[in-house]
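See below for the structure under consideration.
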Amino acid sequence: MNRTVDYEKLSLVNKPFEDEFKKAFSRFLEKGWYVLGTEVSDFEKEFAKYLNREDGYCIGVASGLDALIISLECLNLPKGSDVLVPSNTYIASILAIIKAGLNPILVEPELSTYNISPSELKNKITPNTKAVLVVHLYGKACNMQEICTFCKENNLKLVEDCAQSHGAKFKGQTTGTFGDAGAFSFYPTKNLGALGDAGLIWTSNKEIADKARAIRNYGSHEKYHNKYLGMNSRLDELQASFLRIKLRHMEEITQKKRKLASLYLQGLDKTKFILPVVNPDYFDVYHLFTVRTKKRDELKKYLLDNGIKTDIHYPLAPNKQEAMKGILDIQNPTPIAEEIHNTILSLPCSFGSSEDDVKYIIEVMNRF
Ligand SMILES: Cc1ncc(COP(=O)(O)O)c(C=O)c1O
């Protein structure tokens, strides 16, 4: 073995920002204001600008999961309403629907994009369907033209799970701004990652924004007056100050990931690996760079033997998870999701990865 390549090393990702983080931490200590202060409100304004939608509202919350739960709660849907969600998503999207008192209905993705299939949506709608939760998986936008039309025609609410799609666009429009609400995670590994947990909701609807702002803070608009059954899901000042710093470098972070992805796309042997599709209507941000092969487990081991660490997103479909027994319809087969879960592999594509790492990985992979 002549080289070791980490899948992702967060200390390397954050190294370029350390001096700025230290200054922000000193300011934070001096100020002595720890939760929901000006760092949060400034970050909310700056993130709306980043989304190119300053006409809307951003509400910082404690995590991506909470951003999804609160977004869904703010839609005021009847309890037990069906929400269509992709069958191959990360468990958080489905947990959020359940925690909001709604009923997840799995919809198969397209095998080409790994995103929810607009034609499958049409097959799953019933009179109890009230909303769609799309997930822009791995950093690629869903087909928002078809999905928005479908929601409009069927009078369905639309929430976007943007945990993996910061800055990803469909036909020039940023993900998170198409539907009733966009839910973002700033978990440390995300393209815009905090140094702990954090999340945010974007909406253009003032009623949703007001309710979300209250729900994150015990359901209260006014101190000690509680209008809703809220929760404690406040974004803290320190994470907001770190996020503000990294947000100023988002262009650089995105370009680096796109550059690494372009090296893979050009260099990997397409007869051996199924690569992500590229389409000019989609601006992909490569939260993850994935390949597929029937020999996935063999490939993973071979790469590890050559010092290259990889990951699988995700090894088990949501309807195969123990926690979902009796909740998700396990009788209903999801063969496309299964195929993806059984064949997908995520390669190193971190802001902390180097072009040399990627060239080495390509060389090793093409010898597989
Ligand atoms: C698609 C998706 N949705 C939601 C979440 C939840 O975000 P968080 O971990 O910040 O709660 C994640 C994060 O891992 C995710 O990948």
Side-chain angles (χ1 to χ4, degrees), residues 7-8 10 13 40 43 47 58-73 83-100 102 104 106-107 109 113-116 131-142 147 158-168 175-176 179 181-202 212 215-216 231-236 239-240 242-243 246 257 284-290 311-319 321 323-324 337 340-341 344 346 349-350:
Y7 177 69
E8 172 144 67
L10 290 173
V13 169
V40 170
F43 173 62
F47 200 75
C58 283
I59 303 102
V61 295
S63 70
L65 176 62
D66 282 359
L68 285 166
I69 297 172
I70 297 172
S71 296
L72 291 162
E73 285 185 350
V83 180
L84 305 179
V85 63
S87 53
N88 61 323
T89 186
Y90 180 57
I91 199 76
S93 328
I94 292 166
L95 276 178
I97 296 172
I98 297 165
K99 298 274 179 196
L102 305 167
L106 301 180
V107 178
T113 64
Y114 315 133
N115 276 333
I116 198 161
V132 177
L133 173 57
V134 295
V135 184
H136 307 293
L137 209 61
Y138 308 151
K140 178 187 276 302
C142 298
I147 290 164
L158 174 61
V159 174
E160 294 172 73
D161 181 339
C162 305
Q164 305 190 3
S165 71
H166 309 160
T175 52
F184 292 83
S185 161
F186 305 118
Y187 181 74
T189 58
K190 302 300 192 234
N191 286 21
L192 176 59
L195 276 70
D197 279 307
L200 176 140
I201 299 159
W202 181 88
I215 287 183
R216 77 172 170 185
M231 57 167 93
N232 176 353
S233 182
R234 300 175 294 220
L235 174 56
D236 72 62
Q239 293 308 334
F242 295 152
L243 286 166
K246 287 181 80 174
K257 289 175 79 85
D284 302 325
V285 297
Y286 297 100
H287 168 57
L288 304 178
F289 188 91
T290 59
D311 208 340
I312 298 173
H313 297 89
Y314 299 92
L316 204 57
N319 62 355
Q321 301 289 351
M324 293 297 161
I340 296 169
H341 291 292
I344 202 134
S346 304
C349 187
S350 163

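Here the structure is a predicted model, which means the values were calculated and not measured. Order of listing sets the numbers, starting from 1, for every ligand and every atom in it.
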For Gln164, is there any backbone N or O sitting under 3.5 Å from a side-chain donor or acceptor partner on Asn191? no
Can a donor-acceptor pair be found between the side chains of His313 and Ser346 at a distance below 3.5 Å? yes
Ligand 1: which protein N/O atoms lie under 3.5 Å from its N/O atoms?
| unit_1 | atom_1 | unit_2 | atom_2 | d |
| --- | --- | --- | --- | --- |
| ligand 1 | 3 (N) | Asp161 | OD1 | 3.2 |
| ligand 1 | 3 (N) | Asp161 | OD2 | 2.7 |
| ligand 1 | 7 (O) | Ser185 | OG | 3.3 |
| ligand 1 | 10 (O) | Gly64 | N | 2.8 |
| ligand 1 | 10 (O) | Ser185 | OG | 2.7 |
| ligand 1 | 11 (O) | Gly64 | N | 3.3 |
| ligand 1 | 11 (O) | Leu65 | N | 2.8 |
| ligand 1 | 14 (O) | Lys190 | NZ | 2.9 |
| ligand 1 | 16 (O) | Gln164 | NE2 | 2.9 |
| ligand 1 | 16 (O) | Lys190 | NZ | 3.4 |

Would you name the heavy atoms of Pro86 and Val135 that are closest together and state the gap between them? CG-CG2, 3.6 Å
Less than 6.0 Å separating the ring centroids of Phe47 and Phe184? yes
Indicate, with yes or no, if the rings of Tyr286 and Tyr138 have centres closer together than 6.0 Å. no
Would you say the rings of Phe242 and Phe186 are close, in the sense that their centroids are separated by under 6.0 Å? no
